Amino acid sequence: MRSRGALLQVPFGEGEVSKKRFDDPKWAAGQAISLDYNNCMTEFVGDQGLGASDLEDLAPRLAAAHPELAEARRSGSLAFMDLPYQTQVLASVRQVAKPLLEWCWDFVVLGIGGSALGARALHQALCHPQYNRFPLARRQHRPALWVLDNVDPDNFHGMLDGLELRRTAFNVISKSGSTAETLAQFLFAYHLLQGRLGAAKAREHFVVTTDPEKGNLRRLAAQEGFPSLSVPPLVGGRFSVLTQVGLLPAAMVGIDLEELLAGARFMDQRLQSPEYHHNPAYCLAALYYLFALKARNILVIMPYATALTGMADWFCQLWAESLGKKQDLQGREGRAGTTPVKAVGATDQHSQLQLYMEGPQDKLITFLEVGKFQHQLEIPDLFPDMEGLHYLGGHSLNELLQAEQKATAFNLAKAGRPNLTLRLPEINAFTIGQLIYLLEVVTVVAASLLGVNPLDQPGVEGGKQTAYGLMGRPGFEDKRREMEEGPPKMEKYLIS
Ligand code: PA5
């Protein structure tokens, strides 16, 4: 087994290399994410593919979207695009993290959707797979990270059950400060800690991340004296991973925040060209849009790295909530959006792939490929007289995983199934910062092509409001009535 670092090095994002490696242009260039869309084109997938002229025909619209995007950014409505430059935020994040790091063994994020998925994705991508299970010393005295993202009582109970509450801190994250799931998680945890530790001590275990001025959580932070961080008001939940929302949990587990933001800045610089063939975000958005027009309504994101599973979940939410819209910007009925689906290579080759290869021609597959893993695991050559095993000896698991990905991409193309590959030279904070930024911009460019607003989520709000009504929140009585007055369930459609 060859390994570039200690096998159990934690976290992956920091350690043996200089923190400022991203200042070296040569190193940064070597870490650039690349996009290979050969397998989207007719030369490789036949008439299911795109011709070069399809992209060329769209080029004027992309070029026109370029100044519009720049203007929206200047006006602040795409504030997420400037987050990588707001490095001053790191000081406030560290100020909150520092005292917690002195005593905290477990750090629990109480949040949901855009207030949870980014933190989980960063943790999964940039910390050791066994990070949470390591003893403290091996985690360099940093806490384990738990991201609930649900109110499943058994899951919540089970997670709390395993924690030493005297050593547990809770980060309550809600931009609106009104999300029922998050507030219920908070109430439960706060009451539990008050009972176990007493009211005064319990207060020290909570940190709030919310709007700087408005909402229940902001009020609560002031009233209870919780330390707090602010979510920039113009950055929506699913675009907030590079704000205090994602950065505090990331800081707690030792992720290199400077490198993360540097990666996002690096990508931003690459996205300055109005020409799609020099701009990976425009090119990717164009491909997604053109295939949606060809009724490829399912967008599969398939990382060939377990560590990127959380990134795929994060992207699915970003894409679905931003683009799934009933109305276009002029208020016309449109029904935009394609359905994002996460698959993981090589695992889903043995689960989903049959469908992708031979099922309906309604999918576009995006592979996330990793050039170089942290570890190189050689496959031993143990049974020379058994051909079915012997051929693997002398290769590595790395080679096998890459061969699986290349073979899948090739065979899909051979079967006329379009696919493309985003290649990360390595998984590190710099490439993850690039990937986050790239996919966020892809999403807003796709929204611009579709003519929808990527920043609202009226469908989600509707569900939240009905749930408030059902839970008896004052002001939402009509929502409860609306449900109660709906048609009663019919016996003939029930099987029990
Ligand atoms: O992206 C979004 O806006 C949503 O997914 C929100 O993040 C989610 O609904 C949670 O909202 P809040 O952070 O206000 O609790």
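Ligands are counted one by one from 1 in listed order, and the atoms in each one are counted from 1 as well. Being a predicted model, the structure only gives us computed values, none of them experimental.
Summary of contacts: the protein heavy atom closest to atom 14 (O) of ligand 1 is S176 OG, 2.6 Å. Atom 13 (O) of ligand 1 has S115 OG, 2.6 Å as its closest protein atom, hydrogens excluded (heavy atom only). Among all non-hydrogen protein atoms, the one lying nearest atom 8 (C) of ligand 1 is I112 O, 3.7 Å. Nearest protein heavy-atom contact of atom 5 (O) of ligand 1 is Q317 NE2, 2.6 Å. Nearest protein heavy-atom contact of atom 6 (C) of ligand 1 is G114 N, 3.9 Å. Looking at atom 11 (O) of ligand 1, its nearest protein heavy atom turns out to be T179 OG1, 3.4 Å.
Using a cut-off of 4.0 Å between Lys/Arg side-chain N and Asp/Glu carboxylate O, E71 and R74 are scored as salt-bridged.
Below 4.0 Å from some heavy atom of K464 lie the following atoms of ligand 1, by number and element: 9 (O), 11 (O). Below 4.0 Å from some heavy atom of G237 lie the following atoms of ligand 1, by number and element: 1 (O), 2 (C), 3 (O), 7 (O). The S174 neighbourhood of ligand 1 comprises atoms 12 (P), 13 (O), 14 (O), 15 (O), with distances under 4.0 Å to a heavy atom of that residue.
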Original post:
Which is it for S228 and R218 under the side-chain hydrogen bond (donor to acceptor under 3.5 Å, both in side chains) test, yes or no, and what are the steps along the way?
Top reply: CA-CA 8 Å; S228 69; R218 180 51 60 199; 2.8 Å; yes

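Heavy-atom proximity to atom 4 (C) of ligand 1, evaluated over E321, Q457, R238, E181, is greatest for E321.
Using a 4.5 Å cut-off on side-chain heavy atoms (C-beta onward), K363 and V341 make no contact.
Of the N or O atoms in V460, none lie within a sub-3.5 Å distance of an N or O in ligand 1.
When each of Y288, F239, W314 is tested with W319 by the rule ring pair (Phe, Tyr, Trp, His ring centres under 6.0 Å), just one qualifies, namely Y288.
Ring centroid separation for the pair F186 and F170 does not come in under the 6.0 Å cut-off. Ring centers of F266 and F22: at least 6.0 Å apart, outside the cut-off. The distance between the ring centers of H205 and W103 falls below 6.0 angstrom.
By the side-chain contact (heavy atoms from CB on, under 4.5 Å) test, S351 is found to be paired with D348, residues two or more places apart in sequence or in another chain being considered.
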